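Working notes, structure below.
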Amino acid sequence: MAAIAVLFFLLPVSWACAPQKADYVMVSCFPNAIIANVPECPYGWEIGQLSLGGVCYTGINTPGFYRFTIPDLTPKNHSYCGTLSEYVGGKDPKYIFYNSIVSNDSSLTVRNQPVNYTFSCTYKAAYLVNNAVFSQRVATVYVNNGSLGSFKSQLSMNVFTNSKFLYAKDAPYVIDTSEIGSEVFIGIEAKGLSNRFKVVITNCWATPTPYSTDKKRWSLIINSCSSDNTVTIFENAKESRSMFKFNSFRFQRLEKVSTVWLHCEVQVCDGEKLFCQPTPCISRTKKLEADPSGGILTMEFQIRAQHSSSYTPLAGTFLCMLCIFLLNAVISYASL
């Protein structure tokens, strides 16, 4: 019996999980988190033998997969479980976050093939957002089984009641003609992102159509500077929300009910890697035309005439009196 016991002792220990050849990783890139999934028991490795970045054994077992999560893109001490980030500038700037899931082969003997699942998520820094109808709903969009993430769905542009920017107005935003010249308070916000990212407004302009490229346009902000004294920028590139105000207006030779579309070019700037603050406006010359390089947020304003307003009959009365005066003048001249 002792010999049999020794024989069983010398036999290899049975596999805790069924090994499978797993040569891929599934990645979901969220606006503020990254989730990586590898097939369960890759080459015989158990969940407790795999680590994120070689330092964090935080994987969990889900049906058919081992899941590792980077819960925040704002690294603690500039690194969350070995997560690294890189900014790539140029015409299409982007941020790249990358890490790896590696096996622990520090034991005396290794019976499994070592694994190293390197993955990354790429986030564009500039977005084009066109909303035909002013909507305050913000949804989360992510890419399954890929390595491309998006901040796009987190950007929103709202009209607020006053300069405190506490309460957003209901959509659609309607301005009566009697209120032309009143102040309009605009806030552009990136919701749900890490606090490392700042919203930078570079250009804002208005058009009488939904198209941001319409040649009939009125500039409000040019290269992060107010176009004139009717526009005031309260905060820009400091936090996840930038705010400004302008005096409402309407385009000439339009119908009684007209629509003004506001377009704003915005950038999502990584404050930990870049200097996000624009150059002070007093130290540079504003270009006459904006040079769009970021994404564009679009909002709709409706301008509605008040048929009951007091100036309409007064204008008619004035015109009638003017006609009578001119007629009397002509008759007097003819009698001379």
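Predicted model, so just to flag it, every value in this text is computed and none were measured. Hydrogens, waters and symmetry mates are skipped; everything else that's a heavy atom, side chains included, is used.
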Any side-chain to backbone donor/acceptor pair from [X] onto [Y]? Under 3.5 Å, distance only.
X	Y	answer
Arg196	Leu73	yes
Ser219	Ile222	no
Lys94	Asp92	yes
Ser100	Thr118	no
Lys273	Ser85	yes
Ser248	Gly181	yes
Ser28	Ile35	no
Asn99	Cys81	yes
Asn203	Glu265	no

Worked verdict on Tyr98 versus Glu86 for side-chain contact (heavy atoms from CB on, under 4.5 Å): CA-CA 9 Å; Tyr98 50 94; Glu86 177 184 0; 4.2 Å; yes
Using the ring of each side chain (for Trp, its six-membered ring), is Tyr95 parallel, tilted or perpendicular to Tyr87, with breaks at 30° and 60°? tilted
Are [X] and [Y] close enough that some pair of their side-chain heavy atoms sits under 4.5 Å apart?
X	Y	answer
Pro39	Gln20	yes
Asn236	Ser224	yes
Phe165	Phe185	yes
Val268	Val199	no
Trp261	Pro208	no
Ile201	Phe244	yes
Cys264	Met157	yes
His263	Thr207	yes

Consider only side-chain N and O atoms of [X] and [Y], and report whether a donor and an acceptor are under 3.5 Å apart.
X	Y	result
Ser226	Asp228	no
Ser240	Asn195	no
Ser156	Glu189	no

Do Arg241 and Phe160 form a cation-pi contact, if we require the NZ or CZ to be under 6.0 Å from the six-membered ring centre and within 45 degrees of the ring's axis? yes
Stepwise side-chain contact (heavy atoms from CB on, under 4.5 Å) check, Val266 with Leu155: CA-CA 9 Å; Val266 296; Leu155 293 171; 4.1 Å; yes
Test of ring centre spacing under 6.0 Å for Tyr117 and Phe68: no
Is the number of heavy atoms from other residues, nucleotides or ligands under 6.0 Å of Tyr57 OH greater than 12? yes
Atom [atom1] of [X] and atom [atom2] of [Y]: how far apart are they, to the nearest 0.5 Å?
X	Y	atom1	atom2	value
Thr209	Arg217	OG1	CZ	11.0 Å
Asn158	Ile188	CG	CD1	9.5 Å
Asp270	Phe197	CG	CZ	5.0 Å
Phe97	Ile34	CZ	CD1	7.0 Å
Phe249	Ser182	CZ	OG	11.5 Å
Tyr24	Asn37	OH	CG	9.5 Å

Does one hydrophobic cluster hold both [X] and [Y], with members joined at side-chain heavy-atom distances below 4.5 Å?
X	Y	value
Val38	Tyr43	yes
Val25	Tyr80	yes
Ile186	Val260	yes
Val115	Val27	yes
Ile233	Val200	no

side-chain contact (heavy atoms from CB on, under 4.5 Å) between Tyr66 and Asn61, worked out: CA-CA 5 Å; Tyr66 292 160; Asn61 201 337; 3.7 Å; yes
Holding to side-chain hydrogen bond (donor to acceptor under 3.5 Å, both in side chains), I want the full list of residues that pass it with Asn247, two or more places apart in sequence or in another chain. none
Considering all heavy atoms of both residues, which atom of [X] and which atom of [Y] are nearest to each other, and what is their separation?
X	Y	value
Leu52	Thr69	CD2-O, 3.9 Å
Cys17	Trp45	SG-O, 4.0 Å
Thr202	Ile221	O-CG2, 3.8 Å
Asn32	Gly192	CB-O, 3.2 Å
Gly54	Ser51	CA-OG, 3.1 Å
Phe234	Ser163	CZ-CB, 4.1 Å

Could you go step by step and tell me if Lys198 and Lys238 meet the side-chain contact (heavy atoms from CB on, under 4.5 Å) rule? CA-CA 6 Å; Lys198 317 300 179 186; Lys238 293 182 180 179; over 6 Å; no
